[in-house]
Amino acid sequence: MTVITRFAPSPTGFLHIGGARTALFNWLYARHNKGKFLLRVEDTDRKRSTSEAVQAIFDGLSWLGLEHDGAAVMQSEGAERHAALAHQLLDAGKAYHCWCTPEELSEMREKAKAEGRSMRYDGRWRERDPGEAPKGVAPVIRFKAPLDGETVIDDLVQGPVRTANEQLDDMILLRSDGTPTYMLSVVVDDHDMQVSHAIRGDDHLTNAARQTQLFLALGWKVPRYAHIPLIHGSDGAKLSKRHGALAVGAYAEMGILAEAMCNYLLRLGWSHGDDEIISREQATEWFDLASVGRSPARFDMDKLLNLNGHYIRHAEDSRLLADIKPHLAKFLGHDADPAAFPRLKSLLPSLKPRANSLVELAEKSLFLFHQRPLAMDKKAAKLIHAGSQAIIAKLLIELEDAEPWSIEGLEALIRSFADSQSLKVGMVAQPLRAILTGTTASPGIFEVLFSLGREESLNRLRDHTGEVPS
RNA sequence: GACCCCUUCGUCUAGAGGUUAGGACACCACUCUUUCACAGUGGAGACACGAGUUCAAUUCUCGUAGGGGUCGCCA
């Protein structure tokens with residue numbers, strides 16, 4: 001049997017990390033089993049679905065690198081078939097009309113709640129004569145669910161989950177306007193798309209029982225279910241905008257690399273011994289549902305950032321150079337000067353271990369792009385005084401004829417200069433750093449000098465020794 | 001409220017009927033060092049509680065507590 005999984009988001013919002021992880025798991029499971037990963041947009045609720053959200057889902061998936069097989073299915077396009085099946089069930093006596101108004105139903109729920117009973121539909125039209133139907137009320141079609149016995153789902157993550165059928169009420173299949181509900185549509189589409197494994201959030205666990213009943217009533221094979229625990233916020237509560245229920249695009253804006261995001265999401269709920277850094281290839285080879293945990297996990301930005309730092313350190317320079325541009329522009333307020341890019345290119349190896357995100361990488365690269373004279377932050381300014389000015393002035397003269405202008409050459413020159421002045425290297429390097437970068441923290445000073453180049457370095461130094469640049 | 005699911009360091013997790021309960025992030029210290037990082041070494045830090053089964057339970061069973069989910073003409 002070929003494995004067919006699907007990711008079935010509803011386009012009523014953006015693709016957040018919970019959905020992203022669900023998509024990842026489905027993708028991985030399909031790829032691991034050399035099966036297919038399908039995408040279905042559950043836009044049954046036309047009122048709340050937006051094309052922007054559909055686009056955001058596509059964009060999010062493509063950023064994560066989770067390409068689906070075949071064309072994406074828009075669930076609303078199957079509405080006619082879904083409705084036809086509802087009528088088929090009606091004809092077969094497995095469904096019935098219900099003339100309850102929304103008001104009547106909410107009254108029913110209120111009453112049940114007040115009396116401490118469960119708030120299910122009480123099946124009042126199940127056996128009632130349609131002749132008693134009120135005039136002017138369009139009926140819905142409800143599923144005639146079994147009244148006794150139990151429905152068992154052998155969940156691939158949760159294990160066997162038994163639900164007494166009396167806990168499940170007669171769900172609506174077709175709305176009064178004749179459109180199918182989600183409950184009907186998923187079942188029909190999962191069947192039509194030959195989905196073999198439905199991997200989705202825990203919040204669908206109770207739905208699985210109802211859907212199983214529907215599959216059975218239709219005489220179809222029930223797919224295997226795998227309900228993965230939800231991701232919670234850092235405070236243990238449901239994910240909110242405050243801590244992670246952001247569109248995956250927001251993470252891209254925060255300078256998170258897609259592979260770091262995937263690695264992080266993968267380890268949230270799934271494990272392979274003590275492995276932490278797991279490549280896409282490795283994940284595809286190792287992924288299984290048996291190793292998916294059953295308890296909800298909290299979202300931890302620190303760990304994501306740490307992982308991101310690892311991927312940045314190991315990323316190709318050329319790729320980083322391209323990815324960093326928008327972030328640089330954001331800081332600068334305009335596009336970064338292309339003429340200064342060679343500086344960034346040469347300093348990148350030293351910058352990489354110092355950043356956990358592209359934003360941080362851009363921020364730490366900023367001094368390479370700043371126009372002279374550079375502004376200094378407070379700590380840096382403190383390093384500049386008469387004593388250090390004198391040291392820099394002397395060093396400046398040596399730097400003018402430094403040969404070669406290479407990292408090694410500069411290191412040798414500065415070390416012997418410090419030696420000749422009976423100074424510790426730090427006494428020279430720190431003021432130098434303050435002047436060259438405007439800050440007290442930067443990559444090694446020899447690298448900085450080298451990347452800036454002789455001319456720019458000397459000019460920045462002259463800005464501080466009072467000498468007019470030539 | 002009813003039903004369902006969950007519970008190992010602060011967080012993500014490994015683990016097995018007998019282990020010094022392992023790793024990662026975060027935290028602290030040290031090493032490296034021109035600053036900041038990276039890297040390395042070390043440290044502190046957990047089996048929710050109560051019964052039961054067993055020679056032995058953190059691991060199996062049942063309760064309790066806590067957390068989460070579902071109960072829409074939403075998906």
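A, B, ... follow the sequence lines: proteins, then strands. Residue 1 opens every chain.
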Among residues at least two apart in sequence or on other chains, which ones pass ring pair (Phe, Tyr, Trp, His ring centres under 6.0 Å) with [X]?
X        : answer
A:Phe369 : A:Phe341
A:His227 : A:Tyr225
A:Tyr29  : A:His197
A:His310 : A:His314

Name the nucleic acid region contacted by [X], choosing base, sugar-phosphate or nothing; use a 4.0 angstrom heavy-atom cut-off, strictly under.
X        : answer
A:Phe446 : base
A:Pro443 : base
A:Arg267 : base

For residues 389-398 of chain A, which side-chain donor-acceptor pairs fall under 3.5 Å, sequence neighbours excluded?
unit_1   : atom_1 : unit_2   : atom_2 : d
A:Gln389 : NE2    : A:His464 : O      : 3.4
A:Lys394 : NZ     : A:Gln421 : OE1    : 3.1

Just the rounded figure in Å: distance from [atom2] of [N] to [atom1] of [X].
X        : N     : atom1 : atom2 : value
A:Asp302 : B:C12 : CG    : P     : 13 Å
A:His227 : B:C5  : NE2   : P     : 13 Å
A:Lys303 : B:C9  : NZ    : P     : 14 Å
A:Gln167 : B:A2  : CD    : C1'   : 7 Å
A:Ile231 : B:U11 : CD1   : P     : 16 Å
A:Asp300 : B:A26 : CG    : P     : 9 Å
A:Asp275 : B:G22 : CG    : C1'   : 13 Å
A:Glu166 : B:C4  : CD    : C1'   : 14 Å

In terms of side-chain geometry, is the basic nitrogen of A:Arg6 or A:Asp189 positioned less than 4.0 Å from the acidic oxygen of its partner?
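No salt bridge links A:Arg6 with A:Asp189.
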
What I want to find out is whether A:Glu456 reaches A:Arg343 closely enough, with some N-O distance under 4.0 Å, to be called a salt bridge.
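Salt bridge flag = yes for A:Arg343 with A:Glu456.
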
Applying a 3.5 Å limit to both distances, which nucleotide forms a Watson-Crick or G-U wobble pair with [N]?
N     : result
B:A46 : none
B:G1  : B:C71
B:U58 : none
B:A24 : B:U11
B:C32 : none

Verify whether one side chain among A:Asn165 and A:Thr151 offers a donor that lies under 3.5 Å from an acceptor in the other.
yes

Assess the side chains of A:Ser291 and A:Asp288: does a donor N or O sit below 3.5 Å from an acceptor N or O?
yes

Kindly state each residue pair satisfying ring-ring contact (aromatic ring centres under 6.0 Å, His included) with at least one member in residues 140-187 of chain A, sequence neighbours excluded.
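For residues 140-187 of chain A, and leaving out neighbouring residues, the ring-ring contact (aromatic ring centres under 6.0 Å, His included) pairs sorted by first residue read A:Tyr182-A:His204.
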
Give me the distance, rounded to whole Å, that separates [N] from [M] when you measure between the [atom1] atoms they each carry.
N     : M     : atom1 : result
B:C12 : B:C30 : C1'   : 27 Å
B:U11 : B:C27 : P     : 16 Å
B:U59 : B:G67 : P     : 22 Å
B:U8  : B:A57 : C1'   : 14 Å
B:G45 : B:C38 : C1'   : 25 Å
B:A14 : B:A21 : C1'   : 10 Å
B:U64 : B:U7  : C1'   : 13 Å
B:G23 : B:A44 : P     : 12 Å

Show every donor-acceptor pair shorter than 3.5 Å between a side-chain atom in residues 295-303 of chain A and any protein atom, with sequence neighbours excluded, or say none if there are none.
unit_1   : atom_1 : unit_2   : atom_2 : d
A:Arg298 : NH1    : A:Ser234 : O      : 3.3
A:Asp300 : OD1    : A:Asp302 : N      : 3.1

Under 3.5 Å, sequence neighbours excluded: what are the donor-acceptor pairs made by side chains of residues 172-181 of chain A?
unit_1   : atom_1 : unit_2   : atom_2 : d
A:Arg175 : NH1    : A:Thr179 : OG1    : 2.9
A:Arg175 : NH1    : A:Pro180 : O      : 3.2
A:Asp177 : OD1    : A:Thr179 : N      : 3.0
A:Asp177 : OD1    : A:Thr179 : OG1    : 2.7
A:Thr181 : OG1    : A:Ile172 : O      : 2.8
A:Thr181 : OG1    : A:Leu173 : O      : 3.3

Interface with RNA chain B, restricted to residues 146-164 of chain A and to heavy atoms under 4.0 Å
A:Gln158, A:Val161, A:Arg162

Residue list, side-chain contact (heavy atoms from CB on, under 4.5 Å) with A:Asp275, at least two apart or on another chain
A:His272, A:Ile278, A:Trp286

Would you name the heavy atoms of A:Leu374 and A:Ile435 that are closest together and state the gap between them?
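Heavy-atom minimum between the residues: CD2-O, 4.0 Å.
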
Spell out protein contact along nucleotides 66-75 of chain B as letters: B when the base is contacted, S when just the sugar-phosphate is, - when no protein heavy atom is under 4.0 Å; keep the 5' to 3' order.
--SSSBSBBB

What does the list of N/O pairs under 3.5 Å between the protein and nucleotides 38-46 of chain B look like, with a distance for each?
unit_1 : atom_1 : unit_2   : atom_2 : d
B:A39  : OP1    : A:Arg313 : NH1    : 3.4

Can you work out whether A:Gly444 or A:Lys113 has the more 5'-proximal nearest nucleotide on RNA chain B?
A:Lys113

5' priority, RNA chain B, between A:Ala441 and A:Gly273 [closest heavy atom]
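Per heavy-atom nearest nucleotide, the more 5' residue is A:Gly273.
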
Contact under 4.0 Å: A:Ser271 side-chain N or O vs B:A14 OP1/OP2:
yes

